[in-house]
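Notes to accompany the following structure.
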Amino acid sequence: MTQEETLSILSILRASYPAFYSKLTKRDLEGIVSVWTEMFENDDVNLVKFALKELIETHTGFPPDIAALKGKMKEITQAAIDKPTPEDLWLKLKTAAENGYYGAREEFEKLPPVLKRYVGSPATLKEYSMMSADTFNTVVHGQFLKQIKIIEDRQEFSEKLPAGVKQYINALNKPIPTEDKLLSDEEFDKRRQEILAQLEGK
């Protein structure tokens with residue numbers, strides 16, 4: 001959203017929660033506009049507005065904050081694209097495991113990315129296919145439901161990271177040279193300049 005679009009969103013909030021916003025100073029309001037513009041800069045104003053109105057219908061007390069609005073937007077988007085639930089994903093995994101003894105590789109390739117990340121390799125599907133149904137449907141199912149949400153959240157977070165931030169993190173996480181492979185002064189200076197450039201936003 002642009003700053004102008006952010007102002008239109010905040011005007012809805014102000015009209016819906018007049019007592020709260022009447023207590024804020026001009027400086028407070030300027031700060032709110034600045035933060036909201038930055039936090040929603042990559043979001044479509046129509047989605048933000050729709051999610052906000054949905055929240056206002058059920059939200060009591062203080063006005064919805066950024067986290068609540070982002071959460072509602074995510075919920076609406078997932079419903080619109082018919083994103084599979086954890087149980088939907090489990091059924092896909094279960095089907096793949098049932099065919100995994102002879103067709104592990106083929107079944108693995110058919111899995112959605114989040115399940116590929118969870119399973120790791122076709123060998124795991126073959127292992128699942130050899131488990132007793134009781135163990136698979138209780139132990140593995142329980143572990144799956146605990147872990148799949150974490151994996152989905154990490155994947156979504158990774159997809160949202162700006163390219164510059166990813167490059168910066170990768171630069172910081174390059175392996176430390178071992179004693180037999182120390183950086184030369186020139187290489188050390190080059191690495192240092194790369195990190196400084198990332199920090200300065202170049």
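All values reported here derive from a predicted model rather than from experimental measurement. Both backbone and side-chain heavy atoms feed into the values below; hydrogens, waters and symmetry mates do not.
Counting heavy atoms from C-beta outward, K53 and K49 have side chains that approach closer than 4.5 Å. Contact check for L115 versus F108: no side-chain heavy atoms found under the 4.5 Å cut-off. Residues P63 and Y21 meet the side-chain proximity criterion, which asks for heavy atoms closer than 4.5 Å. Looking only at side-chain heavy atoms (C-beta outward), I150 and R154 come within less than 4.5 Å of each other. Within the 4.5 Å cutoff, the side chain of F40 has heavy atoms near those of the M73 side chain. Between M131 and V139 the shortest side-chain heavy-atom distance does not fall below 4.5 Å. Residues R14 and L10 have side chains not in contact (no heavy-atom distance under 4.5 Å, counting atoms from C-beta outward). The shortest distance between side-chain heavy atoms of T37 and M1 does not fall below 4.5 Å.
Across all their heavy atoms, G100 and A104 have their closest contact at O-CB, 3.2 Å. Contact detail for L89 and P84: the closest heavy-atom pair is CD2-CG, 3.9 Å. Across every non-hydrogen atom of Y118 and V140, the tightest pair is OH-O, 4.3 Å.
At least one donor-acceptor pair under 3.5 Å links the side chain of S8 to the backbone N or O of E5. Of the possible polar contacts, one joining the T124 side chain to the V119 backbone as a donor-acceptor pair under 3.5 Å is found.
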Determine, step by step, whether E152 and K149 satisfy the salt bridge (charged side-chain N to carboxylate O under 4.0 Å, His left out) criterion, reporting the C-alpha distance in whole Å, the side-chain angles of both residues, the deciding distance to 0.1 Å, and the verdict.
CA-CA 5 Å; E152 283 184 311; K149 178 69 176 139; 5.2 Å; no

Residue pair W90, Y128: steps toward the ring-ring contact (aromatic ring centres under 6.0 Å, His included) verdict:
CA-CA 13 Å; W90 168 252; Y128 287 159; 7.8 Å; no

Would you please test K92 and D88 for salt bridge (charged side-chain N to carboxylate O under 4.0 Å, His left out) and show each step?
CA-CA 7 Å; K92 286 180 185 289; D88 293 333; over 6 Å; no

Run L125 and R105 through side-chain contact (heavy atoms from CB on, under 4.5 Å) and show every step you take.
CA-CA 8 Å; L125 283 180; R105 184 163 296 284; over 6 Å; no

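A salt bridge links K70 to D43: at least one charged side-chain nitrogen sits closer than 4.0 Å to a carboxylate oxygen.
For E30, the side-chain contact (heavy atoms from CB on, under 4.5 Å) test picks out K26, with sequence neighbours left out.
Cation-pi geometry between K126 and Y101 is satisfied (NZ or CZ under 6.0 Å from the ring centre, within 45° of the ring normal).
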